[in-house]
Structures are given as C-alpha cells and as structure tokens.
Amino acid sequence: ICDADGVWGKGIIETHEELRKRHGGGCSTLCAGPAGGNLVKIAIALVDACPHLGRGMGTIMGSKNLKAMVVYGTKGIKVADLDRFMKSADSVVDRGMKDPLREGWVKLGLNLIQDAWLTAGHKLWKHQSETVSTEEVKRVYGPEEYMKVKKYSISCPSCLACDKAVIELKEGEYAGLILPLSSPVLD
C-alpha cells in the first residue's frame, strides 16, 4: 500500500499515465478520478485508462480513500471451485440481461443518464475547459442528436449494459468519420 501523494486530485487518465511511469509499462491500473474522491454518485473507474467500471465504482473507491491500484501478473488465475464460480457468474449475467434499464442503455447509451450528469454539474466541453448551459448540452448532445449519428452499440469487455456506441459524423468538416463514443458530453 502506497500513499496517493502526487496523484490524488488528478484525472483518471493522468493518474494512469503517472502510475505506469512510476511502476513500469508491464503493470495494469485501476484508477478513479476527482469525482470519485469527491464522492459523486456516478463517478467511474477505469482499468488501464479504458471505460470499464462505471456508475459508482469511482465513488466506492473514493469512500475508501482509494485512488488507484497497480497490479502485475503473468501466471493467470486458478479457480478453486469452477462449478460454483460458473454458477455465480451465470447468475450475474442473468440479472444483468434482465435489468429493466438495459434496453435504455443499449438504445441511448450514456444519454440515458444525461439528466443525472447535468444535475451533478457535468456540463463541460472544449476539452473540459468551458462550462455550458444545460440547454446547450441537450441541444448539441441530447438523445435526438445521438440517435442521428449512432451506427451501433458496443460494450466494455466486462459490462452487460452495452452503453457505448460507434458513431458516424454526418455533417461538417469531419463528415464520414466513424469513431467509438463513450460520453454523451464531448466536443
């Protein structure tokens, strides 16, 4: 266990990069950002700077004063009781697939919780350098605009929500550009 000195208060990506620099490129990281430290209810945590553990994992880490974890490993994992493990895993998958909000996640991605993000103050754009009005965020990034550019849904490897998407920009300088989208509040 190490002190989080030098990374506490930094963003998730910045924390990941700093820890990789300190501990070497062969490590894997789990990091929370300032929202987790401030106990924002929808704070996410990232595994190796990729969206994996959203909607509260960063908050849980912050509540434990845990900024990040760094791990190394090459030997894999041996499951002591494979039958019991698979029964538990199957139960988790079954509950996830039956989640009443899952259809909304697949259709709208993170736009499903856009109002919660806006209420929590997530109204930044221009690389998080400017705050904008709730109305402007909804006009530019609301569900209607999202559905115009969405090609199909994708999911993080460990998630059943399928709340990310591949989008295709239709107009402007970048028309025809196809890219993955995680957050509904980007520029």
Side-chain angles (χ1 to χ4, degrees), residues 8-16 30-47 49-64 66-68 92-172 174-175 177-187:
W8 197 264
K10 289 188 177 187
I12 296 177
I13 304 299
E14 192 176 6
T15 299
H16 164 76
L30 167 65
C31 302
N38 290 320
L39 305 180
V40 174
K41 291 181 181 178
I42 59 173
I44 66 171
L46 302 184
V47 175
C50 298
H52 282 285
L53 304 168
R55 294 179 274 303
M57 183 61 180
T59 313
I60 293 167
M61 291 173 68
S63 75
K64 309 294 182 198
L66 176 63
K67 175 64 175 176
V92 169
V93 169
D94 187 53
R95 283 194 334 258
M97 296 302 285
K98 290 178 180 174
D99 184 321
L101 295 177
R102 186 173 185 279
E103 187 176 316
W105 288 118
V106 173
K107 179 180 179 184
L108 294 174
L110 292 174
N111 272 294
L112 183 68
I113 60 167
Q114 188 178 68
D115 287 338
W117 281 34
L118 295 172
T119 300
H122 190 77
K123 301 182 229 181
L124 303 171
W125 66 4
K126 301 217 176 183
H127 305 289
Q128 300 188 28
S129 66
E130 293 181 18
T131 303
V132 295
S133 71
T134 296
E135 296 75 26
E136 183 67 1
V137 171
K138 287 184 175 188
R139 183 187 70 75
V140 176
Y141 302 111
E144 298 80 21
E145 294 304 312
Y146 174 75
M147 293 306 293
K148 289 178 186 176
V149 297
K150 178 183 173 186
K151 287 182 68 75
Y152 55 87
S153 298
I154 57 176
S155 183
C156 298
S158 62
C159 180
L160 299 172
C162 204
D163 60 359
K164 314 294 185 284
V166 170
I167 65 168
E168 180 176 6
L169 302 180
K170 309 283 187 197
E171 302 171 3
Y174 300 103
L177 181 65
I178 299 173
L179 65 155
L181 176 71
S182 178
S183 172
V185 187
L186 295 172
D187 80 321

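Basis for what follows: all heavy atoms, side chains included, without hydrogens, waters or symmetry-related copies.
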#### Entry: Between CG on residue L112 and CZ on residue R102, distance to nearest 0.5 Å
12.5 Å

### Task
Can you see which heavy atom on M61 is nearest to which on A45, and at what distance?
SD-CB, 3.7 Å

### Query
Is there a donor-acceptor contact under 3.5 Å from the side chain of K41 to the main chain of A116?
no

### Query
For the atom pair CD (E14) and SG (C31), what is the distance rounded to the nearest 0.5 Å?
11.0 Å

### Task
Measure across I12 and A32 and return the closest heavy-atom pair with its distance rounded to 0.1 Å.
CG1-C, 3.6 Å

### Query
Out of curiosity, L177 CG to L169 CG, how far, rounded to the nearest 0.5 Å?
5.0 Å

### Task
Might you point out which heavy atoms bring G9 and P34 nearest each other, and give the distance in Å?
O-CG, 3.4 Å

### Query
How many angstroms lie between CD1 in I154 and CD1 in I167, if you round to the nearest 0.5 Å?
10.0 Å

### Task
Give, for atom CG of L30 and atom NZ of K67, the distance between the pair rounded to the nearest 0.5 Å.
11.0 Å

### Query
Of Q114, K107, K150, which meets side-chain contact (heavy atoms from CB on, under 4.5 Å) against P143?
Q114

### salt bridge (charged side-chain N to carboxylate O under 4.0 Å, His left out) against K98, all qualifying residues, sequence neighbours excluded
D94

### Query
Roughly how far, to the nearest 0.5 Å, is the CG atom of L101 from the CG atom of D163?
11.5 Å

### Task
Determine, step by step, whether L46 and I13 satisfy the side chain to side chain contact (heavy atoms under 4.5 Å, CB included) criterion, reporting the C-alpha distance in whole Å, the side-chain angles of both residues, the deciding distance to 0.1 Å, and the verdict.
CA-CA 8 Å; L46 302 184; I13 304 299; 3.8 Å; yes

### Task
Would you check if K151 and I178 make a side-chain contact, meaning some heavy-atom pair closer than 4.5 Å?
yes

### Summary
For A43 and A35, the nearest pair of non-hydrogen atoms, with its separation, is CB-C, 3.6 Å

### Query
Would E145 and N111 satisfy side chain to side chain contact (heavy atoms under 4.5 Å, CB included), going step by step from the backbone distance to the final call?
CA-CA 10 Å; E145 294 304 312; N111 272 294; over 6 Å; no

### Query
Under 4.0 Å between a Lys/Arg side-chain N and an Asp/Glu carboxylate O for R139 and E136?
yes

### 4.5 Å side-chain heavy-atom contact, L160 and W105
no

#### Entry: I60 to S63 - nearest heavy-atom pair and separation
O-OG, 2.7 Å

